[in-house]
Every structure is written in C-alpha cells, then in structure tokens.
Peer 1: 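Pasting a structure here, questions to come.
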Amino acid sequence: MDLLEGLNPPQQQAVAHSEGPLLIFAGAGSGKTRTLTHRIAYLIEHGTSPHRILAVTFTNKAAKEMRERLEKLVGPVAKRMWLGTFHALCAQMLRIHGDRIGLNPRFSILDSDDQLRAMKEIVKDANLDSDRFKPSVALSKVSDAKNDLLTPEQVALRANKPHEKVYANLYARYQERLRANSVMDFDDLLVESVRLLKESPETLEHWSDRFKHVLIDEFQDVNEAQFQWARLLSGKHRNICVVGDDDQSIYAWRGANVKIILDFEKIYPDATIIRLEQNYRSTQNILDAAYGVISQNAGRASKRLWTEEKGGAQLVLHGALNAQEEAAYVVRQVELLRREEHLGFGDFAILCRVNAQSRPFEEAFLRSRVPLKLVGTQRFYERREIRDVLAYLRWIYNPDDDGALKRFINVPPRGIGSATIDKLEGMAREQNRSVGAVLLDNGSTGKALAPTVARKVEPLQRLMRHLMDDAQKSLNLTDLMDKILERTRMLEWLRGERDADSVDREANVEELVRACEAFDLRLAEDVDELGETSEIWNEGDPLRLGMFLGDVVLDGAGDKDNSKNQSDEAVTFMTLHAAKGLEFPVVFLAGVEQGLLPHSRAVFSESASDEQLEEERRLMYVGLTRAEKRAYLTYAQQRTMHGRTETTQTSQFLEEIPAHLLEREGLAKAGQGGFMARSSEWENAGRGAGRGGYRERVESLPRPTFSAASSSSGSASSGSVREANAKAPSFRVSDKVRHKTYGDGLVVAAAHQGGAGEWVEVAFLTGGVGKKKLIVAFANLEKVE
DNA sequence: ATGCACGTACTTTTT
DNA sequence: GTACGTGCAT
C-alpha cells in the first residue's frame, strides 16, 4: 500500500519525515489524524517495530480511534505499539517500574471526586475554615503546582503571602496522605513518571532506548510535566513528532501551556516544521470568518486555512428576543434545512459556551418533537452507584485505600455512620496503619469498640475478609464482580429503593458487569491475536484488576450512549469544549454575547486577562471551524442568568468577522437594533418593531405542535394506572400526561423493568420542572389527549 | 443516623 | 433559578 497516496504535499512530507524533531501545525479539518496514522504506518513499513513506537493522545477516544485506524493500515501488530493517553501510559510505566523510586506499584488512582473528598478532610484536619480555604481552590493550586513539576517544598519556598503558605501546607499534607494510602491523583501519574525517569537512570535508559519514535497529538494542550516526560523519553533517539494547533488551545485553565508548542523551535532548533493549512471540511466563507476572529490573537503561529470549496453560504447572525426564542429559531431552521437540503437530524449541532444554556433548547426541541441529544453531560463511571461498586473493587486491589473504603463502608446502609468512621480512623492513626488494615485484622477492633458499634462493624469485617478471599479465587474480573454484588446485595438494595432513579442505578450496575465481561473478553482476544500475553497485562492477576480500574478511572469516557430516548439521528447539543475535533454540516453557535462568549469570567472579573480573552476567542474559532456548510450565530437580547434577566450585548468577536460574510436576521437585522446592540439602543429596539424581523420569515414554516403529537397509536386504554400497570406499559413515548403537582408533560422515555415496575421519564412543560423520572405506580399520572 | 430546610454559589472538565 | 452542601432537628 502506498501510504503517501492521496495526501497533499505537506501531509506527505510529514508522513515521510525520517529522523529528528518534527513539529506539525495541523489546522482544523486539515487531515491531522490521517497524517499521523499514516506516518506511524509508514514508520512501521520502513522497519520500525511497533513495539518501539510511543504515541500519545489526550483522550481515550482519540487513542482508540487512532488504534483502529492503524489496525486497518498495518493489522493487529498495531496492538504492540504503546499508544494511549499520557495518564494511562504513565500509569503503566509506574506499575512496572514505580518500585524503583519507592512507590507501591499497586497504587490506585483517585478521580476528581476522590480528590475533593481527600482535600476536604485535609482542610478539616488542619482546623482551617473551609470557607476561607476552599478545598476546590486548594486542589486547583495543587494541580497547578504539579503541572509545573513543583514539589510541596518548592511551593512553600515560593510562598510569600500567609495564605499562600497555608495552601502550600495543604499541598504537603494532601501529598502525604496520598502516599500513605498508596493512591495517586491524575497529576501524580505525570509527576511521578517524570521523577522516575529523572531519578532512576536505568529506567530512563530502558525506556528512552526502547522508544525510537515518540509522537504526540494535540500538542498545544500539553503542560510542563507532560512535555518533560515526552522529552525525556525521546531524549535518546530525538525522534519526537508533535502535532497540534495553537489556535485550538482551549484548556489553559487546566494547565495546558500553549507556549510549549510555540517555543518548540527554541528547544529543538533543528526541528522540521510543517504546516497543514489545506482544509477539507468547511467552505471558504466559514474559514474566512473564523480567520477574521482568530487573527486578532497576538502571538500565534502564523498560518491560514484555505480550501478548494470556494464561497459557500453566508454565515447567519440571528438575534432573538430571549433564550426561548433563540432556541425556537434553531428548531425552525433545523426543520427548514432538513427538508430543503435533505439533511438528517444528525447533521446539526448546537454549540454553547456553558451547559446552562441547554434548558431552553431541550424544551423547544421537545415541544417540536425534533430529537435532541445532549453530549458530555454525566459520565458513566462518575455515577454514584458505579463509583460505589468500584470502591469495593478498588479496595480489594489496594486495601490501604481508605478513600475507597469510606466510600463503600455504609453502602448499602449497614448502620455505620460518621461517628463510627471517626472512631475507626482514630484507631488507625494510633496503630499507624490504614483503616482497611485495622478492620481486616481480626483481633484489633474487638475490645476497642462499644458492643453496639461492634455489632455493626463485625459483619462488615466478615464481608471484607470474604472479598479478599474472593479476589484470590476469582477466575476473572466478571467472576469477582459477580461475587461482590452477591455478597453486598447491592442490586437487591437498589431494587428496593423507591425513587425513580433507582431504576437507572440498577441498570447502570448491570451495565458495569457488562463492562467487566467486555474487559475479560478483550483481554482474551488480545492474547489470542498476538499469540502471547501482552507485557502490560501479563503480570499476574492483581494487575489485571489494576488495569481495569485504571481503564475505568482514566477512561471517563465510559459514557456510552446511555440512552433509550436519544436516537442516533438527533441534533447534537454540546459545549464548545466538547465539540473540539468534531464536525457537522450545520453548526449553530448559540449565545454569541458578551459575558457568555467571551465568558464574563474572562472579561469582567478582576482576574480577567488578555490570555483569557484570547482563549475565549479560540473557543469561538473552534466553534466556527466545526461547520462544514453552514454556520449560524445566535444571540438572545434578553437572557436570564443566575435568576436575573438582563439585556445583553452581542459578542465583541462578531465585529471581527468581515461584515460581508454575515447575513443578519431577526433582531440582528440592520435597523432592528441588533447592529447597534453594542451601544445601548436595545431597550426600545426589541420589543415592538424588533420582532417583525423574523416573524415574517418564520410564520410560513410548519411548526408541529403539541396537539399534533400522536399519542393514540394503539396503546393501552387509559384506564386506571394501577390496573394497566400489571400488564403492558400503559404509557409510551410521546404520550401527553398530567401530574398533580408538576402539571402537564410529555413522556420521553418509558420502560417496564426492575423491581419498581413501570417507570416513565416525563418532560414537564410547565413551571420549569424539566425532566423527571417517575414510577408509574406511585406517580399517579393521568393521560391527556 | 437520617431527613428536611435553609443558605449560597454558579465556565469550560481531554485524565 | 437551581442545585448542592451544610446544619439542625427528629
């Protein structure tokens, strides 16, 4: 196969580049992933063993996609490549060699919720007022420090003001606590990996010798620790290939440092630099608009996207009266374009700055019966019940992980509350070991606890011992998980819970079991295909558990399409951040207002800076460059935020788009107030005459309404709910129902499952109730025609 | 130990 | 406007 075929000249150059540092500026839609995968395949084809290639991404999704595309190019040997996220790769390295710098290789990984719990306890233990020293603030300072590879001591030395010293102290305590429990937070994985490479020369030699080529995706988002790590690993062969786009750097607030990509040349003066500027996604008009915006940023690497798709539709700027009208407008445009341009719902995306913008859209789409799917909301492995079950698993893997223990200690409820936990922690401290160790030790708790307390604790201790035992005897992960669920009676407990969410929770736990099965299966398959156990997983059974836990914590993405009510063919709603890397024929950028985009925190707050404004501008740029054919920019003249309705100003970024590229609609029409919006003419403009602008345009459009919704298609007769409940579900999706307190709503999901019986999810249209899950037997719903 | 009520705060969230 | 967390009362 000719790996250079079908690539443009700069892409070919990037693919065929042989040795030495390589920086690829890959603009939006410039075929970045294609170039990267072809380059890797090219390396393999030219004799580099996959085993000696390290490819790093930021997300599991990107890693997975790259792996799949590579397997298509080079076959299953791609599996032997080290390809993964920074965090996952670091975790693996630390499990293999972490003992060389005194780490317990069976560390567990804290997720952000665990981190917060830990920090809250630290703040409390330090007798500090958690209002003055917020755990979340402390954590972000800790994270900043770690991103810059600063130890607690270094932070303490730099601290001048008293409160900085306090935070430095909290960092130190937090770190002590983590190490004592053999746990690491996300940032530690990087920090400790760098330390490992720096402090253990033979480890550095081992890995840097091995990795002939190091490739890094989304390089604009790396932080100092990540760069140091990659730099060390590529130090021997100096084949470091980085791909990124400074214009799409939107994670500075998480420690990403754009300067690293911008200064790459300074660090590697012999670096080859390639720019991928041909865009295969958008029309020239969209690119020009995007360029108008992004070119206002200072200090960016100079480049400009171009395409063979000359011209294209104008971008549309629509001003609406308020957020509801804004959403209604988008719905109408979707319906119109879908019919006139034969597009599917899946061809549309609505991008927003903040998730709080979603409500009006959800309501408007619900009403019009156009399917809408919200992405990036809650993640599977972050659900409470999942984390509770996983806590058992984590603790089995690492019995010193008190965070995990405290999470499951009273789930399901077994009468152990904070008082008891305090007592146990006190004992643990006295004996200088973990709570888990104390509880596992038969003799140690007996006399120290009051009999009434001991009676509650003993069954727990028995359970814990059994679980440890189960871990030894289990054949695989699924087997162990089954035993945990059986012994804890978790499913039975969830089933007994009477709230509507318990239905979901039970289903989620079952989903987790399926994830375990998939994991076991994948493991078996990989072993099969490669004819051997891969080095990562062939370290005995406990590590297999560690692998899974690593996957789970590090792969927040477990957020399947958790949906029975969200079809694949649906309009997508998401934040600009979540949209990075995606593309849609039609994009709506909603809320193009001062305060929202750019966000108020970047403009009005006292900490606002040019850097922040520039990042907001990059967000706008990312949003625009998602669009293939059409881009709509919408704003609401009045918006309710934090319970207050205010008149808005249009985004300053709009003025950066060349005027001829913009078609103004609704209140944005010249003379309708929209154009003047940034002065203060709004008051009068909108209310009376202003509306006309879109009214005329819109009235002719068909607009499915509520009453048109079919609820009659042969479903059960609407008699008593209870009587119907015994048989087939009496409610189906799209039924209109009435609830005595919530009012009228629309059934958006219905099922008959679990111990709680039939349940429905109802989107209430009155009084901002939103969506609620209801158990039919309890909810006393009435069907209305 | 659990439930309710009041107060507060509230971008974005790859791992 | 809401959602969550803390604190008090049962």
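Proteins get letters first, then strands, A, B, ... in listed order; numbering begins at 1 in each.
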Peer 1: Does B/dT12 have its OP1 or OP2 closer than 4.0 Å to a side-chain nitrogen or oxygen of A/N355?
Peer 2: yes
Peer 1: What residue among A/R117, A/K146, A/R179 forms salt bridge (Lys or Arg N to Asp or Glu O under 4.0 Å) with A/D185?
Peer 2: A/K146
Peer 1: With a distance cut-off below 6.0 Å to the six-membered ring centre and an angular limit of 45° from the axis, does A/R106 pair with A/Y397 as a cation-pi contact?
Peer 2: yes
Peer 1: If you apply the rule salt bridge (charged side-chain N to carboxylate O under 4.0 Å, His left out), what do you find for A/R69 with A/E65, and how did you get there?
Peer 2: CA-CA 6 Å; A/R69 288 172 73 160; A/E65 188 190 339; 3.1 Å; yes
Peer 1: Grab the N/O contacts between the protein and nucleotides 5-10 of chain C below 3.5 Å, and write none if there aren't any.
Peer 2:
none

Peer 1: Within this structure, what is the CE-to-P distance between A/M620 and B/dT12, rounded to whole angstrom?
Peer 2: 19 Å
Peer 1: In a check of salt bridge (Lys or Arg N to Asp or Glu O under 4.0 Å) between A/E425 and each of A/K406, A/K124, A/R177, which one passes?
Peer 2: A/K406
Peer 1: Where does the angle between the aromatic ring planes of A/F573 and A/F361 fall among parallel (under 30°), tilted (30 to 60°) and perpendicular (over 60°)?
Peer 2: tilted
Peer 1: Consider the side chain of A/T59, meaning its heavy atoms from C-beta on, and name the nucleotide among C/dT2, B/dT15, B/dT12 that approaches it most closely.
Peer 2: B/dT15
Peer 1: Please pick, from B/dT11, C/dT2, B/dT13, the nucleotide with the shortest atom-to-atom distance to any side-chain atom of A/R254.
Peer 2: B/dT13
Peer 1: Nearest whole angstrom, please: distance from the P of C/dG1 to the CD of A/E363.
Peer 2: 13 Å
Peer 1: In whole angstrom, give the distance that lies between atom OH of A/Y251 and atom P of B/dT14.
Peer 2: 6 Å
Peer 1: To the nearest 0.5 Å, tell me how far A/W82 CH2 sits from A/Q92 CD.
Peer 2: 4.5 Å
Peer 1: Answer with base, sugar-phosphate or nothing: what part of the nucleic acid does A/D221 contact at a heavy-atom distance below 4.0 Å?
Peer 2: base
Peer 1: Whole angstrom is fine here: how far is it from CD in A/E218 over to C1' in B/dT15?
Peer 2: 14 Å
Peer 1: Below 4.0 angstrom from OP1 or OP2 of B/dT13, is there any side-chain N or O of A/T575?
Peer 2: yes
Peer 1: Do we count A/F86 as stacking onto B/dT15 if the rule is ring centres under 5.5 Å and planes under 30°?
Peer 2: no
Peer 1: For B/dT15, does either OP1 or OP2 sit under 4.0 Å from a side-chain N or O belonging to A/N60?
Peer 2: yes
Peer 1: I'd like to check, for A/H599, whether its ring lies over the base of B/dT11 with centroids under 5.5 Å apart and a plane angle smaller than 30°.
Peer 2: yes
Peer 1: Does A/R353 contact B/dT12 through a side-chain donor or acceptor facing the base, at a distance under 3.5 Å?
Peer 2: yes
Peer 1: Separation of A/D185 atom CG from B/dT15 atom C1', in whole Å?
Peer 2: 10 Å
Peer 1: Got a list of protein N/O to nucleotides 1-6 of chain B N/O distances below 3.5 Å?
Peer 2:
residue: B/dA1; atom: OP1; partner: A/G415; partner atom: O; Å: 3.4
residue: B/dA1; atom: OP1; partner: A/G417; partner atom: N; Å: 2.6

Peer 1: B/dT11 P sits how many Å from A/E615 CD, rounded?
Peer 2: 15 Å
Peer 1: Give a yes or no on whether the ring-centroid distance for A/F264 and A/F219 is below 6.0 angstrom.
Peer 2: yes
Peer 1: Take the protein atom CE of A/M574 and the nucleotide atom P of B/dT14, then report the distance between them rounded to whole Å.
Peer 2: 13 Å
Peer 1: Starting at atom CG of A/N147, determine the distance to atom C1' of B/dT14, rounded to an integer number of angstrom.
Peer 2: 13 Å
Peer 1: Any side-chain heavy atom of A/D113 within less than 4.5 Å of one from A/R407?
Peer 2: yes
Peer 1: With distance as the sole criterion, is a donor-acceptor pair present between the side chains of A/Q175 and A/D188 under 3.5 Å?
Peer 2: yes
Peer 1: Quick check for you: among B/dT12, B/dT15, B/dC10, whose closest atom lies nearest to any side-chain atom of A/H642?
Peer 2: B/dC10
Peer 1: Do A/L582 and A/M574 touch side chain to side chain, with heavy atoms closer than 4.5 Å?
Peer 2: yes
Peer 1: When you match A/R601 and A/A88 each to their closest nucleotide on DNA chain B, which lands nearer the 5' end?
Peer 2: A/R601
